Amino acid sequence: MFTMAQHHVLSAIVLVTCILCYYNSCNCGFVFDDISAIKDNRDLRPHTPIKNVFLNDFWGTPMHKEQSHKSYRPLCVLTFRWNYLFHQLEPLGYHLVNMLLHGVVCLMYFRMCSMFLPEISSFVAAMLFAVHPIHTEAVTGVVGRAETLSSVFFLAAFLFYSNATKRKKVTGWQHLTLSMICVAIAMLCKEQGITVTGVCVVYEIFVAQKLRVSDLQYLVRWLVSGKGAVNNSWTPDVTRRLAVLFASTVGLLVLRLQIMGSKLPVFTRFDNPASVAPTPSRQLSYAHLISVNLWLLLFPCDLCCDWTMGTIPLIESVTDPRNATTLAAVVVLGLLCHTALTTSNRQQATVLIMGLALLVLPFLPASNLFFPVGFVVAERILYMPSMGFCLLIGYGWNILFEKERLRRAAWMCLGVLLFVHGCKTYTRNYDWESEYSIFMAGLRVNQRNAKLFNNVGHALESQGRFEEALQFFHKAVSVQEDDIGAHINVGRTLNHLKMYKEAEDAYLKAKSLLPKAKPGESYQARIAPNHLNVFLNLANLIAKNETRLEEADLLYRQAISMRADYTQAYINRGDVLLKLNRTKEAQEVYERALFYDSNNPDIYYNLGVVFLEQGKAPQALAYLDKALEFDPEHEQALLNSAILLQELGRAELRKVARERLLKLLRKDATNERVHFNLGMLAMDDRDVAGAEHWFRQAVQLKEDFRSALFNLALLLADDHRPLEAAPFLNQLVKYHPDHVKGLILLGDIYINTIKDLDAAENCYKRILQLDPENIQGLHNLCVVYVERGELVRAEKCLARAHLMAPHEDYVLRHLKIVQTRIAKLQLSTDANDASSEVPVEAESQNLHKTIPDFSRRGNLDSSDEVRRATSSDVNSGRGEAGTQGKRINRRPAQPPVYVNNVPTGSTTKKVLRASLEYSEYPPDLPNPLEASDRDTPSFS
């Protein structure tokens, strides 16, 4: 007999074993389904209303939408949200919670096993459960928390129910109430949790009431007709408890169906091929999965993160040899049931019945018996059924242990089994370290699943290894030729490699594989939403050619006609309409998209861009603020709204603008545009030192940043530090030799400060090469000639300038000054030397050297962008066009750019949100440095 202290020691050993097996999982990142459930799930963000957690599915999709997987697990998502509150997107915290939850489940499982087995055998079962490799997906994969968290309340519900039945004549109603609460919580963590009510029914009938098969016959007769005898232990309280279990189960199922909208999720044939197979292939294939799952519990050597598509080929005939394994599994389970119901050994009957109940009942929701599920085999759903398996193994070990001659062998076998399983679990954790490692591990045991090849390709693609990724995508096509997602992946990778013709061919091939419309049948119900991404990718590729914009628009409209709620198509169509200068239509398209997805911040952002296009800044700012209401971290909206607020010129709004820019800076300190715009704010506040700091930071981050280089040089020049400005101007004209204003300012410094007339002359001649009509460059070149004393040449130069700009008074005045000096020289010299040119230093000093005609703001060059949000070159998702694993990233890809509200670019894949910046000489903004825009020369 074990004392309480010994029980605590054994519990500590179980907990330490859990930690030893899984502590290395804390070094893993977010992989596979974690991306959709954690990184891309807005419901985790603190700014998202908490009610959304209870309105959306596990992946953040509203439950009423067809795209929803109908996996309603709000309490699990709530724990993710708490993780995010403390750890943001740092994986360590998420993995640590998962490991601790597994430890709690093991301790509770140890407690439950003690109800049916001796203490030492319960310890054996708990140890086997703690180290079993089949649990790595549930524990090491962050989304597996649904299993572990649900199991905590699953076991709690059962333990509370067992306490409610302890007294034969009286029900412990408090414990029964707590049990039903735990059932509800378990179901809200994972759908399997509700199966604990079935386990409680089995416990009530066969363990608490000790009924046998013969007793069940009398019980049924008594329940139906009220006649006949019933077991003496059966009391009205037993009937009440069972009624509570039945009512609770029915009530929770009705609630669950109501939340789902009485609609089952839509899966493709790639998710679960047997679900669309004809009879008897469907039934034989489903039955075979029972033996596959039992084999994984018995020999968890070949584990794989994904068992969909062609992993397990369909059984198409009764002569298929795999039917023998199905028959063997059914026979074994049948024999165990028969033994449990007929044996005279009460402990054996109890353990077998409860072991089978825990093994079979939690597996039923995933068995395809009641409805098709979105997978073939999933290791994590065996987390709960393995409780029954380990209980049966613990009982088998106990039989050996009780035989004195086999006791040593029992301990040796147990030690080897625990060591092997523990090592397998520990090493399996490393497979979950990254996307590449987990999918490559899957390919080592499974070469028939195209989705694994696709996902290895995705992992390589994310690292920029496009040639290697393309090889895996081609392999996916060869494994599953009708895999639309694989063809999309091939096309997208070819696009990255700038093989545009081949990319277009791949997209057209994918498009040809889409199911054809059938009369009287909804097309929307027959196509996976993410398969329509082929239209987006093909249209985005075509739209790179401005002569094919109408063709791209047609593809978007075709996608929308197939699925009216396809918001990505609306977003990208609006982008094309803006390129076609059809801004009113673009506005209508975005507003239509809001009808289907009113919480999408990118749509509000795009509407803001549309209003910027129309010159309606207040409306634009309103929509940018609305985007921030739904996503306070929306980088483009933060940056562009900050700039619009700054342009309003009010001090209190500049404070808000600065807060938004500093928020962006905390998110990404390497964004040079944020530094630049903080510098512009400092200029507005007349903070020269602050502006200089931010401009220098921007230039340090991007050495060819045109606007930052010019504004910094201009700031230094106006602060009487021209020698400090010169290096930045040289850097500017090195990367941007066509920057006229920079050349003018640099020439001015060369003349007035450095006294290098040749360098100044080169600057002005470069300006005239770029723009022969540039009056400033020509006038300042004339000043160089005056400085050299070449008055005749200067006169000709100024005369030319006067002809080009007859209304510029300062040019005429300068011309007259030079002509006057030439006349004076002619009177005071010999007639033979009248035409020679000599320096006239004193008089030439009265001529202002140069006229740098520009304001103190940097120009918004063609590289300075305002971007719309689009879904450019959509990633087809993980494996089968993103319908499994990681979902399609709804965040838009980098859209076309706008310069002073004129579109000038094309889309790329990455999500980059850019800035709306100031121009060097905006017409309506005050000069923060109080410098004259046109300093005409003064003459004595």
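Just so you know, these numbers use all the heavy atoms, side chains as well, and skip hydrogens, waters and symmetry mates. Predicted model only: the values in this text are computed from it and were never measured.
- L580 and E550 get closest at one heavy-atom pair: CD1-OE2, 3.9 Å.
- Summarising the geometry, atom CG belonging to L757 is positioned 11.0 Å from atom CG belonging to N762; distances are rounded to the nearest 0.5 Å.
- Looking only at side-chain heavy atoms (C-beta outward), N671 and L664 stay at 4.5 Å or farther from each other.
- Using a 4.0 Å cut-off between charged nitrogen and carboxylate oxygen, K579 and D553 do not count as a salt-bridge pair.
- Not a single donor-acceptor pair under 3.5 Å links the side chain of H739 to the backbone N or O of K734.
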Next on the checklist: Determine whether F466 and R492 satisfy the following criterion, side chain to side chain contact (heavy atoms under 4.5 Å, CB included), listing intermediate values before the conclusion.
Outcome noted: CA-CA 10 Å; F466 298 119; R492 189 185 60 256; over 6 Å; no

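- In this structure, V576 and R573 have side chains that are not in contact, with every pair of non-hydrogen atoms separated by 4.5 Å or more.
- Closest approach of V818 and L791 over heavy atoms only: CG1-O, 3.6 Å.
- Checked against salt bridge (Lys or Arg N to Asp or Glu O under 4.0 Å), K616 has no partners two or more places apart in sequence or in another chain.
- When every heavy atom of P806 is checked against every heavy atom of L803, the shortest pair comes out as CD-O, 3.7 Å.
- Taking 4.0 Å as the cut-off between side-chain N and carboxylate O, E659 and K663 do not count as a salt-bridged pair.
- Taking CG of D718 as the reference point, atom CG of L745 lies at 8.0 Å (rounded to 0.5 Å).
- Side-chain contact between L607 and L594 is present, with heavy atoms from C-beta onward closer than 4.5 Å.
- Other residues, nucleotides and ligands place no more than 12 heavy atoms under 6.0 Å from the NZ atom of K39.
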Item to check | Full working for side chain to side chain contact (heavy atoms under 4.5 Å, CB included) between V733 and L743 | outcome: CA-CA 7 Å; V733 297; L743 288 167; 3.6 Å; yes

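- When the options W694, F710, F705 are evaluated for a ring-ring contact (aromatic ring centres under 6.0 Å, His included) with F676, the one that passes is F705.
- One finds the OH atom of Y750 at 6.5 Å from the CG atom of D756 (value rounded to the nearest 0.5 Å).
- With contacts defined as side-chain heavy-atom distances shorter than 4.5 Å, the pair N600/R42 qualifies.
- Within the 4.5 Å cutoff, no side-chain heavy atoms of F630 are placed close to those of H47.
- Ion pairing between R654 and D685 holds under the 4.0 Å rule for side-chain N and carboxylate O.
- The shortest distance between side-chain heavy atoms of D631 and R45 does not fall below 4.5 Å.
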Item to check | Stepwise salt bridge (Lys or Arg N to Asp or Glu O under 4.0 Å) test for K655 and E652 | outcome: CA-CA 5 Å; K655 181 180 179 181; E652 67 274 14; over 6 Å; no

Item to check | Steps toward side chain to side chain contact (heavy atoms under 4.5 Å, CB included) verdict (C782, H814) | outcome: CA-CA 10 Å; C782 302; H814 294 179; over 6 Å; no

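- Q646 and D684 share a side-chain donor-acceptor pair at under 3.5 Å.
- Within the model, atoms CD of E647 and CG of L621 stand 10.5 Å from one another, a figure rounded to the nearest 0.5 Å.
- Between Y785 and A794, the shortest heavy-atom distance links the atoms CB-CB, 3.8 Å.
- How far CG of L781 is from CG of N774: 11.0 Å, rounded to the nearest 0.5 Å.
- Listed here is the closest heavy atom pair of L778 and R800: CD1-NH1, 3.9 Å.
- In this structure, the separation between CG on N640 and CG on L628 is 10.0 Å, given to the nearest 0.5 Å.
- Looking at E633 and K667, a side-chain N of the basic residue comes within less than 4.0 Å of a carboxylate O on the acidic one, giving a salt bridge.
- At distances below 3.5 Å, at least one donor-acceptor pair connects side-chain atoms of S641 with backbone N or O atoms of L638.
- Using a 4.0 Å cut-off between charged nitrogen and carboxylate oxygen, R706 and D738 count as a salt-bridge pair.
- Side-chain contact between N752 and P722 is absent, with no heavy atoms from C-beta onward closer than 4.5 Å.
- For E504 and K501, the salt-bridge test fails: no basic side-chain N is under 4.0 Å from an acidic carboxylate O.
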Item to check | Criterion side chain to side chain contact (heavy atoms under 4.5 Å, CB included) on E787 and V784, from CA distance to verdict | outcome: CA-CA 5 Å; E787 281 291 303; V784 172; 5.6 Å; no

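- The closest donor-acceptor contact from the side chain of D719 to the backbone of L715 lies at 3.5 Å or more, if one exists at all.
- Remark: aromatic rings of Y810 and H779 are close, center separation under 6.0 Å.
- Taking 4.5 Å as the limit, every side-chain heavy atom of L624 sits out of range of all side-chain heavy atoms of Y604.
- Residue G742 comes nearest to L729 through the heavy atom pair O-CD2, 3.9 Å, listed as atom of the first residue, atom of the second, then distance.
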Next on the checklist: Run Y556 and N540 through side chain to side chain donor-acceptor pair (under 3.5 Å) and show every step you take.
Outcome noted: CA-CA 10 Å; Y556 292 133; N540 290 341; 2.4 Å; yes

